[in-house]
*Asks:* 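Can you keep this structure in mind? I'll have questions shortly.
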Amino acid sequence: MTALDAEGLTAGFWSAAARRELVRPVCRACGRNFFTPQVACPACLSEDWSYQRSSGRGRVYSATTVHKAPSPEFTAPYGLGIVDLDEGWSMLAGLVGNPLPAIGAAVEVTWTEQGGRLVPAFRETTS
């Protein structure tokens, strides 16, 4: 079955998030990890991919503090960053902690509630 079905591209991601499980698309044809979910693999254009579980561990590639919220469901200031995950994919997500994880810091996924759903965020690892 291809990734695009009646539930849409992101249904599997949000279903896993509700269980506090971080997943990413992995192409069955070439093995590439990618994010965000897309109809076709960005490497080989195959539409045959599935969500696979991620370790949720990685390193902060880029980080900033957002001081002006884009909508009322966000409370500023908040941390935002690009995290390079250990499996070879990257995602934009919230950064949490005091202090916030710095560029290069080892991080792990945690979960925050936003707009009535669980969303992934990253905190500095303790080990």
Side-chain angles (χ1 to χ4, degrees):
M1 176 159 121
T2 64
L4 184 59
D5 59 17
E7 293 181 21
L9 287 172
T10 63
F13 177 85
W14 293 115
S15 176
R19 299 185 307 271
R20 297 177 185 265
E21 181 179 314
L22 183 63
V23 297
R24 83 285 186 190
V26 178
C27 179
R28 289 186 181 112
C30 73
R32 169 121 182 227
N33 293 276
F34 57 95
F35 196 82
T36 59
Q38 301 171 37
V39 171
C41 170
C44 73
L45 302 180
S46 171
E47 294 182 21
D48 188 17
W49 59 264
S50 66
Y51 284 106
Q52 293 184 18
R53 190 171 192 168
S54 170
S55 69
R57 293 184 171 272
R59 292 208 172 265
V60 177
Y61 172 79
S62 176
T64 191
T65 299
V66 177
H67 293 278
K68 182 171 168 67
S71 69
E73 65 189 49
F74 294 88
T75 303
Y78 60 90
L80 188 64
I82 297 173
V83 175
D84 289 338
L85 282 295
D86 288 352
E87 298 88 7
W89 63 288
S90 301
M91 77 178 298
L92 178 69
L95 300 174
V96 296
N98 190 11
L100 292 173
I103 293 172
V107 291
E108 62 189 357
V109 72
T110 188
W111 299 91
T112 61
E113 188 171 330
Q114 197 167 45
R117 68 168 54 166
L118 286 174
V119 297
F122 290 86
R123 64 179 173 216
E124 199 159 347
T125 57
T126 56
S127 57

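Worth knowing before you read on, the calculation uses all heavy atoms, side chains too, and leaves out hydrogens, waters and symmetry mates.
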*Asks:* With a 4.5 Å cut-off on side-chain heavy-atom distances among I, L, V, M, F, W and Y, is there a chain of contacts connecting Leu22 to Trp14?
*Replies:* yes

*Asks:* Contact between Phe35 and Leu92 at the side-chain level, heavy atoms closer than 4.5 Å - yes or no?
*Replies:* no

*Asks:* Any chance you could measure Gln114, atom CD, to Thr75, atom OG1, to the nearest 0.5 Å?
*Replies:* 8.5 Å

*Asks:* Taking all non-hydrogen atoms of both residues into account, name the closest pair between Arg53 and Val23 and its distance.
*Replies:* CA-CG1, 4.0 Å

*Asks:* I'd like to check Leu95 versus Tyr78 (side-chain heavy atoms, cut-off strictly below 4.5 Å). Are they in contact?
*Replies:*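 Result no, sub-4.5 Å side-chain heavy-atom pair not found.
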
*Asks:* Considering non-hydrogen atoms only, spot the tightest contact between Tyr51 and Pro37 and give its length.
*Replies:* OH-CG, 3.2 Å

*Asks:* Can you see which heavy atom on Arg123 is nearest to which on Thr110, and at what distance?
*Replies:* NH1-OG1, 3.3 Å

*Asks:* Among the clusters formed by ILVMFWY side chains lying less than 4.5 Å apart, do Leu85 and Val26 turn up in the same one?
*Replies:*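 No; Val26 is not reachable from Leu85 via cluster members.
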
*Asks:* How close do Ala76 and Ala69 get, counting heavy atoms only, and between which atoms?
*Replies:* CB-N, 3.8 Å

*Asks:* Looking at every heavy atom in both Ser90 and Asp84, which two are closest together, and how far apart are they?
*Replies:* OG-OD1, 2.6 Å

*Asks:* Please check if Phe74 and Val119 belong to a single hydrophobic cluster, counting links between Ile, Leu, Val, Met, Phe, Trp and Tyr side chain heavy atoms closer than 4.5 Å.
*Replies:*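 Result: no, two separate clusters.
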
*Asks:* Answer whether the closest heavy-atom distance between the side chains of Pro25 and Trp89 falls below 4.5 Å.
*Replies:*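 Side-chain contact under 4.5 Å: no.
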
*Asks:* If we ignore hydrogens and angles and just use 3.5 Å, is the side chain of Trp49 paired with the main-chain N or O of Gln38 as donor and acceptor?
*Replies:* yes

*Asks:* Any idea which heavy atoms bring Asn33 and Arg24 closest together, and the distance?
*Replies:* OD1-NE, 2.5 Å

*Asks:* Under 3.5 Å, which donor-acceptor pairs link side chains of residues 58-66 to any protein atom two or more places apart or in another chain?
*Replies:*
unit_1	atom_1	unit_2	atom_2	d
Arg59	NH1	Gly104	O	2.7

*Asks:* Let me see the working for Phe122 and Val109 under side chain to side chain contact (heavy atoms under 4.5 Å, CB included), right down to the final yes or no.
*Replies:* CA-CA 5 Å; Phe122 290 86; Val109 72; 3.8 Å; yes

*Asks:* Charged N to carboxylate O below 4.0 Å: is that the case for Arg28 and Asp48?
*Replies:*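 Salt bridge flag = yes for Asp48 with Arg28.
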
*Asks:* Please check if Ile103 and Ile82 belong to a single hydrophobic cluster, counting links between Ile, Leu, Val, Met, Phe, Trp and Tyr side chain heavy atoms closer than 4.5 Å.
*Replies:*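 Not linked; separate clusters.
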
*Asks:* Out of curiosity, does Phe13 fall in the hydrophobic cluster containing Trp111 (side-chain heavy atoms, cut-off under 4.5 Å, transitive links)?
*Replies:*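 Same cluster.
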
*Asks:* Could you measure the distance from the CZ atom of Arg20 to the CG atom of Leu118? Nearest 0.5 Å is fine.
*Replies:* 5.0 Å

*Asks:* Is it the case that the side chain of Glu87 and the backbone of Ser55 share a donor-acceptor pair, with hydrogens and angles ignored and the cut-off at 3.5 Å?
*Replies:* yes

